[in-house]
Amino acid sequence: MFIKEACVERISQAQLAEQKGANRIELCGDLSVGGITPSLEIIIEAKEKIHIPIHVMIRPRGGDFVYSDDEFEEMKNQILDCHKSKVDGVVFGILKRDNTLDIDRITVLAQIAMPMAIVFHKAIDETPNIIKALYDLIKIEGITGILTSGGKTTAKEGKVILKKIVALAKNKVEIISAGSITNDNIQKLHQFIKGPSYHGKRIVGNLNEVND
């Protein structure tokens, strides 16, 4: 048994994902740029209407994962909003200019976010050494999960690394495999990766059957 996490940007999609058997929601704004923090109004509405755990993307803009001081402050405030909204978890990632982990800032955000679940997102796939990044993240208090494609564009391309990461991280953090995972290929990928969790916009099928 594994967790199916549906990536959504609308309440209607979240509701449909829940109906179709998703175990968890990653709630984002503007998936056309890879997902940013949704509005507080949508976060509150999701918490009212969705009965499975909700993890909220904390990302002030699209683009890279190197943030200004103002953007970092915005991320702190967005996490505080998530606390007030009583969501189950947050998802974020911060890198330095050389694409290594920004350990100091990640630690600060994790301290603010606890005791919510804390997932480090696919920014890890941009790092020069994904295994080193994995071990560094495991050491940070509060980090409960890592969302990754194994350093590749898709989970299928990164499946060998994903399998290795899952084995290394066992009982330490939840590895959430991602990257073009759908209800059509999840079983085959799971047979190889044997991970605890999988993530995608079509993880339980098409979620655009209804409109808000």
Side-chain angles (χ1 to χ4, degrees), residues 5-10 13-14 25-43 46 54-82 85 87 89-113 116-134 136-137 140 142-143 145-158 161-162 165 175-181 198-203 207-208:
E5 179 180 274
C7 178
V8 307
E9 62 183 346
R10 300 201 307 270
Q13 293 172 328
I25 296 296
E26 183 190 78
L27 184 63
C28 303
D30 198 358
L31 286 172
S32 69
V33 296
I36 59 173
T37 308
S39 70
L40 181 56
E41 291 75 18
I42 286 181
I43 295 171
I54 299 168
H55 289 180
V56 174
M57 173 66 75
I58 304 297
R59 190 180 179 205
R61 56 163 172 78
D64 64 23
F65 304 108
V66 182
Y67 297 113
S68 68
D69 289 343
D70 286 345
E71 288 168 337
F72 184 51
E73 290 303 312
E74 185 179 351
M75 294 172 83
K76 292 180 187 177
N77 290 328
Q78 289 167 342
I79 291 172
L80 292 174
D81 283 340
C82 288
S85 306
V87 296
V90 292
V91 184
F92 61 76
I94 305 184
L95 303 178
K96 295 181 177 178
R97 295 199 177 278
D98 63 359
N99 276 353
T100 59
L101 299 177
D102 191 332
I103 298 292
D104 290 344
R105 282 179 158 187
I106 295 165
T107 301
V108 169
L109 293 189
Q111 291 292 325
I112 294 170
M116 290 187 287
I118 302 167
V119 176
F120 192 89
H121 63 45
K122 278 167 54 63
I124 193 173
D125 292 331
E126 305 291 325
T127 63
N129 186 332
I130 196 169
I131 302 300
K132 181 182 186 305
L134 168 70
D136 287 341
L137 287 169
I140 297 175
I143 300 290
I146 298 171
L147 180 71
T148 174
S149 302
K152 304 294 183 180
T153 303
T154 69
K156 183 179 179 181
E157 292 171 318
I161 298 297
L162 284 170
I165 289 171
I175 299 301
I176 309 163
S177 299
S180 300
I181 301 180
Y198 299 87
H199 166 105
K201 289 180 280 191
R202 301 175 70 90
I203 203 86
L207 298 179
N208 294 313

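Treat the numbers as computed from the prediction; the structure is a model and nothing was measured.
The nearest pair of heavy atoms linking Ser177 to Ile181 is O-CD1, 3.4 Å. Nearest approach of Ala123 to Gly93, heavy atoms of both residues: CB-CA, 4.2 Å. Residues Gly150 and Ile130 approach most closely at C-CD1, 3.8 Å, considering heavy atoms. Taking every heavy atom of both residues into account, Glu9 and Gly29 meet most closely at OE1-C, 4.2 Å. Closest of all the heavy-atom pairs between Asp125 and Gly151 is OD1-N, 2.9 Å. Here the shortest heavy-atom pairing between Pro60 and Met75 reads CD-CG, 3.6 Å.
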List the steps, then state whether side-chain hydrogen bond (donor to acceptor under 3.5 Å, both in side chains) holds for Asp70 with Ser68. CA-CA 5 Å; Asp70 286 345; Ser68 68; 5.3 Å; no

Could you go through the side-chain contact (heavy atoms from CB on, under 4.5 Å) check for Thr127 and Thr100 one step at a time? CA-CA 5 Å; Thr127 63; Thr100 59; 5.9 Å; no

Should Leu207 and Arg202 be marked as a side-chain contact (heavy atoms from CB on, under 4.5 Å) after you check the CA-CA gap, both sets of side-chain angles, and the distance that decides it? CA-CA 7 Å; Leu207 298 179; Arg202 301 175 70 90; over 6 Å; no

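To the nearest 0.5 Å, the span separating NZ on Lys122 from CZ on Phe65 amounts to 8.5 Å. In this structure, the separation between CD1 on Ile176 and CG on Leu162 is 12.0 Å, given to the nearest 0.5 Å. Note that CG of Leu101 and CD1 of Ile124 are 6.5 Å apart. Values are rounded to the nearest 0.5 Å. Summarising the geometry, atom CG belonging to Leu109 is positioned 7.5 Å from atom NZ belonging to Lys76; distances are rounded to the nearest 0.5 Å. Within the model, atoms CD1 of Ile36 and CE of Met57 stand 10.0 Å from one another, a figure rounded to the nearest 0.5 Å. Considering CG of Asp136 and CG of Asn129, their distance stands at 9.0 Å, rounded to 0.5 Å.
Side-chain N or O atoms of His121 include none that pairs as donor or acceptor with a backbone N or O of Leu147 at under 3.5 Å. Between the side chain of Thr37 and the backbone N or O of Arg59, at least one donor-acceptor pair lies under 3.5 Å. With hydrogens and angles disregarded, no donor-acceptor distance shorter than 3.5 Å links the side chain of Ser149 to the backbone of Thr154. With Ser85 contributing its side chain and Asp81 its backbone, the two residues share a donor-acceptor pair below 3.5 Å. A donor-acceptor contact shorter than 3.5 Å is absent between the side chain of Glu157 and the backbone of Lys152.
Counting heavy atoms from C-beta outward, His199 and Cys7 have side chains that approach closer than 4.5 Å. Proximity of Asp102 to Tyr67: side-chain heavy atoms (C-beta onward) are nowhere separated by under 4.5 Å. In this structure the side chain of Ile146 never reaches within 4.5 angstrom of the side chain of Val119, judged on heavy atoms. Contact check for Leu134 versus Thr148: no side-chain heavy atoms found under the 4.5 Å cut-off. Annotation: side chain of Asp64 is not in contact with side chain of Glu126 (no heavy-atom distance under 4.5 Å). Side-chain contact between Val90 and His55 is absent, with no heavy-atom pair separated by less than 4.5 Å.
Counting non-hydrogen atoms of other residues, nucleotides and ligands closer than 6.0 Å to NZ of Lys201 gives a total of 12 or fewer. By the neighbour-count criterion of 12 heavy atoms within 6.0 Å, atom NZ of Lys156 is sparsely surrounded, having that number or fewer from other residues, nucleotides or ligands.
Note on ring orientation: taking the six-membered ring where Trp is involved, the planes of Phe120 and Phe92 are perpendicular (angle over 60°, cut-offs 30° and 60°).
Between Asp69 and Arg105 there is a salt bridge, since a side-chain N of the basic residue sits under 4.0 Å from a carboxylate O of the acidic one.
Here the rule is side chain to side chain contact (heavy atoms under 4.5 Å, CB included) with Ile25, and of Val8, Val87, Val56 only Val8 fits it.
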